[in-house]
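Per chain, numbering begins at 1; letters A, B, ... match sequence-line order.
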Amino acid sequence: MSQPRGDASLIWAVRGLAVASGGIVLLIVAFLALEAIPALREVGLRRFFTDASWHPADGADRGAFNLVPMVAGTLTVATGAVLIATPLGIASALFCRFYAPGALGRAYRRLVELLAGIPSVVYGFWGLVVLTPLIRQWQPPGQSLLAGILILTVMILPTVALLSESSLRSIPAAYLRGATALGLSRWATIRGVALPAARSGIFTAVILATGRAVGETMAVLMVMGNIVQVPGSVFDPVRTLTANIALEMGYAMEVHRSALFVTGLMLMAIVVVLVAANARLGREGRRA
Amino acid sequence: MSAAATEGAPRRSLRLRFRHLRDGILVGLCVVALAFAVIPLVWVLWEVVAVGLEHLSLEFVTSLPEPPTVGGGGWANAIVGSGVVVGMAMLMGVPVGVGTGIYMSEYGDNILGRSTRFLAEVMAGLPSIVAGIVAYGVIVVTMGQFSAISGSVALALLFIPIVAITTQEALQMISRDQREASFALGVSEASTSLRVVLPAAMGNVLTGVMIATARIAGETAPLLFTAFNSRYWMEGLDRPTATIPVNIYSYAISPFEHWHNQAWAGALVLVSLVLLLNVAARTLWARRARFMRGG
C-alpha cells in the first residue's frame, strides 16, 4: 500500500512540537532567571531575608527588600489549607468508596468535579463578601490568614477528594476480596489494605493540592488583607508571594521589578521540587 | 477447655461490639468530612446563582460599562474580550498541545519523550501569576503597552500542558490491537498514528481541549498586567482589553454596591460558561468510554 507522502513528516512535526513545549518551560525558567539577575546582583540574596522591611521602590541602595513576611504568608496559608483539606478530602473519598450507596457516591463525585471548575476569582469574591464579614464579627478585621486558609481549603478539597477517590477505585478487586475472605472489618480493610494500596495516588493528590495552594493568587489576594507582616495570629492580615506580585508588578520599575521576578523564580522552584518529588515517589509507589 | 470457651464468648462479643461502635464512629466522621467538603462549595454556587440572577439582564450582556454613579451599563466588551483572548490562546495552544501529546504517546518511549512529560507536568503546575509575569516581561514591556495578545500568550502557557497530558492519556487508551491491525495491513507508523489512533481517540482529545479551555477562561491573575482592562469595545489585538475575570476582580474590590451587583452577574455568566464546558466535556468522555468498552 502506498503511503500518503505527508504522513512520514508527521513524526518530525510532532517531535518538533514536543521539543517546542518542553523548550517553553526551559525558556520560562531562563527568562525568570535573566530578569531576576539585576536584583540578585545589586541587592544580593541575603538581604531578601535580613533587610528591615519591604520598600523596594527606593532603589537597590536605599530600598529595603525583606521577603520574609511574604514567604511566611505563603507557607502558613498553604500549610494550613493542606493540613485541613487532606484529612477531609481523604475521609470523604473513603466514604464515597466504602460506605456510601453507589448513587450517592457518584452524585458526590459529579458535584465535586463541577465545583472544581469554578474560577478562583469567584471563590475570592465569595470569600470577600460572605466569609470575611463572618470572621470580622468574631475577630476583626476579617481579612486575615484564617480567611485565606479557609478559602484555599475549599478550593483544593476537590483536588484531594477526586484524586484520592480515583486511586481508591483503582485498587485491584482481588485485594478487597482477600480482605473480606480474612474476615476483616471494614475499618481494618481500609487501614490495612485500601490505604496502603492507594498510597501513591493519595500522595500525588496532596502534592498537586499543595502546588495549587502555593500558586493561588486571586482568592488569597481578595481575602487576606495584603499587609506586609509576619502573622502573629490567624486573625492577622498577611500578604503572600503571589499577591505581592499581583499588587506591585503593574508599576514596579528596575530593581523593584527584578526583585518581583526573584519571587517568581522562588515559586517556580517550589513547583519543580513538588513535581520531582511526585515523579520519584510515584515511581516507588508503583514498584512497591 | 469448656471454661475457656464460656469465658471467651462474652469477651468476643464485647470486642465485636467495640468493632461495630468504632465502625459507626468512623462512618460518622466520614459523613462530617463530606458535609464540610460539600457545604462551602454549594454555598459558593448558590450565592453566584441567586445574587447573579437577580442582577443579570439583557442590558448587562449587550452594553458598555457605565460609571458606578450612573447605574445600568453592562459588560458586553468584557464578554467579547474574553472570547477573543481565550480563542487566540486556543489557536496557539491546540496544535502545540495535541502535537506534544501525540509525540509523548506514540514516539515518546525515550529520553526526549520522558523529559517532555516531566516538563509538561512542571508546566501544568506553573502558578498562573508566573505565566502572567513572563508574558508581561516578554511582550508588554517590549511593546510598551498592555495588549490582548500578551494575555493570550499567558493563557496559552497554561493551556498547552493540560492538552498535551490529556491527549497523551487519550491516545494510550486506544488498544494495541488497533495499531497492530493497522501495521499488519502494511500501514506505516506515522499513518497509523495519524489515521487510525488519532481519529479513534478524537473524542477524548476534544474533552481535554474543553477542560483546558474551561480552566483558562476563568484565569484572572495572568491577565492583570497583560490584557489589563478597558472601558471600551476592543480596539485591536495590540490594545488593552477587558475580560470577564479581571472585571469581576476590579468590580469586586470597588466600594460601590452597584458594581458589586454587576460582579455577581458577571460571575454567573463566567461560571455558567465554565460549567457548561465541563459538563459537555465529561458527557463526551463518558460516551466515548462506553463506546470503547463495546457497550
Point to revise | Nearest non-hydrogen partners of A/Leu157 and B/Ala37, listed with the distance | key: CD1-CA, 3.6 Å
Check your understanding: Of the backbone (N, CA, C, O) and the side chain (C-beta and beyond), which part of A/Met222 lies under 4.5 Å from a heavy atom of chain B, both, or neither?
Key -> side chain
Exercise for review: Pick whichever of B/Arg215, B/Glu47, B/Met104 has the most heavy-atom pairs under 4.5 Å with chain A.
Suggested key: B/Glu47
Practice item. Determine whether more than 12 heavy atoms belonging to other residues, nucleotides or ligands lie under 6.0 Å from atom CG of B/Asn110. Key: yes
Tell me which donor-acceptor pairs under 3.5 Å the side chains of residues 120-131 of chain A have, and how far apart each pair is, sequence neighbours excluded?
residue  : atom : partner  : partner atom : Å
A/Ser120 : OG   : A/Glu216 : OE2          : 3.3
A/Tyr123 : OH   : A/Leu115 : O            : 3.0

Point to revise | Over 12 foreign heavy atoms within 6.0 Å of CZ, A/Arg191 | key: no
Practice item. Please flag which part of B/Val274 lies under 4.5 Å from any non-hydrogen atom of chain A: side chain, backbone, both or neither. Key: side chain
Study note, to complete from the structure: Whatever's closer than 4.5 Å to a heavy atom in chain B on A/Thr217 counts as side chain
**Study point:** Contacting region of A/Ala93 [heavy-atom separation from chain B under 4.5 Å]
**Key:** neither
Point to revise | Student check: side-chain heavy atoms of A/Phe95 and B/Leu26 closer than 4.5 Å | key: no
**Study point:** Euclidean distance, A/Leu10 CG relative to B/Glu106 CD, rounded to 0.5 Å
**Key:** 9.5 Å
**Study point:** Top contributor to chain A contacts, counting heavy-atom pairs under 4.5 Å, from B/Val138, B/Leu277, B/Ile253, B/Val140
**Key:** B/Val138
Practice item. Identify which part of A/Ala161 has an atom lying under 4.5 Å from any heavy atom of chain B, answering side chain, backbone, both or neither. Key: neither
Check your understanding: What are the two closest non-hydrogen atoms of A/Ala18 and B/Tyr103, and how far apart are they?
Key -> CB-CD2, 3.5 Å
Point to revise | Check: A/Arg257 and B/Tyr136 side chains under 4.5 Å, non-hydrogen atoms | key: yes
**Study point:** Pick from B/Val271, B/Ile39, B/Thr100 with the largest number of heavy-atom pairs that fall under 4.5 Å of chain A
**Key:** B/Thr100
Exercise for review: Could you walk me through whether A/Cys96 and B/Leu34 pass the side chain to side chain contact (heavy atoms under 4.5 Å, CB included) test, one step at a time?
Suggested key: CA-CA 9 Å; A/Cys96 287; B/Leu34 191 74; 4.2 Å; yes
Review point. What distance separates A/Arg186 CZ from B/His20 NE2, expressed to the nearest 0.5 Å?
Key: 10.0 Å
**Study point:** Which of B/Gly97, B/Ala263, B/Gly266 touches chain A most, by non-hydrogen pairs under 4.5 Å
**Key:** B/Ala263
Practice item. Would you name the heavy atoms of A/Met268 and B/Val122 that are closest together and state the gap between them? Key: CE-CG1, 3.8 Å
Point to revise | Side-chain touch A/Val271/B/Leu126, heavy atoms, less than 4.5 angstrom | key: no
Check your understanding: Which atom names give the shortest non-hydrogen contact between A/Ala91 and B/Cys30, and what distance separates them?
Key -> O-SG, 3.6 Å
Review point. Checking B/Ala214 against chain A: side chain, backbone, both or neither under 4.5 Å from a heavy atom?
Key: neither
Study note, to complete from the structure: Answer key: most heavy-atom pairs under 4.5 Å with chain B among A/Val19, A/Leu88, A/Leu26, A/Ile84 is A/Leu88
Check your understanding: Which region of A/Leu111, side chain (C-beta onward) or backbone (N, CA, C, O), has a non-hydrogen atom less than 4.5 Å from a non-hydrogen atom of chain B, or is it both or neither?
Key -> side chain
Exercise for review: Could you look at A/Val154 and say if it's the side chain, the backbone, both or neither that has a heavy atom under 4.5 Å from chain B?
Suggested key: both
Practice item. May I ask you to name which of B/Ala35, B/Ala190, B/Pro40 has the most heavy-atom pairs under 4.5 Å with chain A? Key: B/Ala190
Point to revise | pair A/Glu113-B/Asn278: side-chain heavy atoms closer than 4.5 Å | key: no
Review point. What part of B/Phe225 lies closer than 4.5 angstrom to a heavy atom of chain A: side chain, backbone, both or neither?
Key: side chain
**Study point:** Nearest-0.5 Å distance that lies between atom CD1 in A/Ile24 and atom CE in B/Met123
**Key:** 4.5 Å
Check your understanding: Where on B/Val96 is there a heavy atom nearer than 4.5 Å to chain A: the side chain, the backbone, both, or neither?
Key -> both
Check your understanding: Hey, are the side chains of B/Pro127 and A/Val214 touching, using non-hydrogen atoms and a 4.5 Å cut-off?
Key -> no
**Study point:** Contacting region of A/Tyr108 [heavy-atom separation from chain B under 4.5 Å]
**Key:** side chain
**Study point:** Residue pair B/Ile133, A/Leu32: steps toward the side chain to side chain contact (heavy atoms under 4.5 Å, CB included) verdict
**Key:** CA-CA 9 Å; B/Ile133 62 174; A/Leu32 290 173; 3.8 Å; yes
**Study point:** side chain to side chain contact (heavy atoms under 4.5 Å, CB included) assessment of B/Ile25 paired with A/Trp187
**Key:** CA-CA 11 Å; B/Ile25 291 174; A/Trp187 168 242; over 6 Å; no
Check your understanding: Can you find a heavy atom in the side chain of A/Pro158 that is under 4.5 Å from one in the side chain of B/Leu41?
Key -> yes
Exercise for review: Select one option (side chain, backbone, both, neither) describing which atoms of B/Ser193 are under 4.5 Å from chain A's heavy atoms.
Suggested key: side chain
Review point. Side chain, backbone, both or neither: which part of B/Thr116 has an atom under 4.5 Å from a heavy atom of chain A?
Key: side chain
Point to revise | Smallest separation among heavy atoms of A/Leu17 and B/Gly99, with atom names | key: CD1-CA, 3.7 Å
Point to revise | Side chain, backbone, both or neither of A/Leu221 within contact of chain B (heavy atoms, under 4.5 Å) | key: side chain
Review point. Using non-hydrogen atoms only, which part of B/Arg22 is less than 4.5 Å away from chain A: side chain, backbone, both, or neither?
Key: side chain
**Study point:** Flag side-chain contact, heavy atom, 4.5 Å: B/Ile129 against A/Met249
**Key:** no
Practice item. Name the option with the most non-hydrogen atom pairs under 4.5 Å to chain A; the candidates are B/Phe36, B/Tyr107, B/Phe118, B/Trp43. Key: B/Trp43
Check your understanding: Using a cut-off of under 4.5 Å for heavy-atom pairs, which of A/Gly211, A/Ser185, A/Gly264, A/Ala100 has the most such pairs with chain B?
Key -> A/Ser185
Exercise for review: Please list, in residue-number order, every residue in residues 153-168 of chain B that has a heavy atom less than 4.5 Å from any heavy atom of chain A; write 'none' if there are none.
Suggested key: B/Leu157, B/Ile160
Review point. What do you reckon, is CD of A/Glu254 surrounded by more than 12 foreign heavy atoms closer than 6.0 Å?
Key: no
Check your understanding: Is the closest side-chain heavy-atom distance between A/Leu114 and B/Arg282 below 4.5 Å?
Key -> no
**Study point:** Best-contacting candidate, A/Gly250, A/Gly89, A/Ala246, against chain B by heavy atom pairs under 4.5 angstrom
**Key:** A/Ala246
Check your understanding: Which answer fits B/Val38, side chain, backbone, both or neither, if we ask what part of it has an atom under 4.5 Å from a heavy atom of chain A?
Key -> side chain
Point to revise | Under 4.5 Å from any heavy atom of chain A - which part of B/Val141 | key: side chain
**Study point:** Interface moiety of B/Val51 toward chain A, non-hydrogen atoms closer than 4.5 Å
**Key:** neither
Review point. Could you give the distance from OG (A/Ser92) to CG (B/Leu29), rounded to the nearest 0.5 Å?
Key: 12.5 Å
Review point. Heavy-atom distance under 4.5 Å to chain A: side chain of B/Val134, backbone, both or neither?
Key: both
Point to revise | Interchain contact, B/Leu224 with chain A, by part (heavy-atom threshold 4.5 Å) | key: side chain
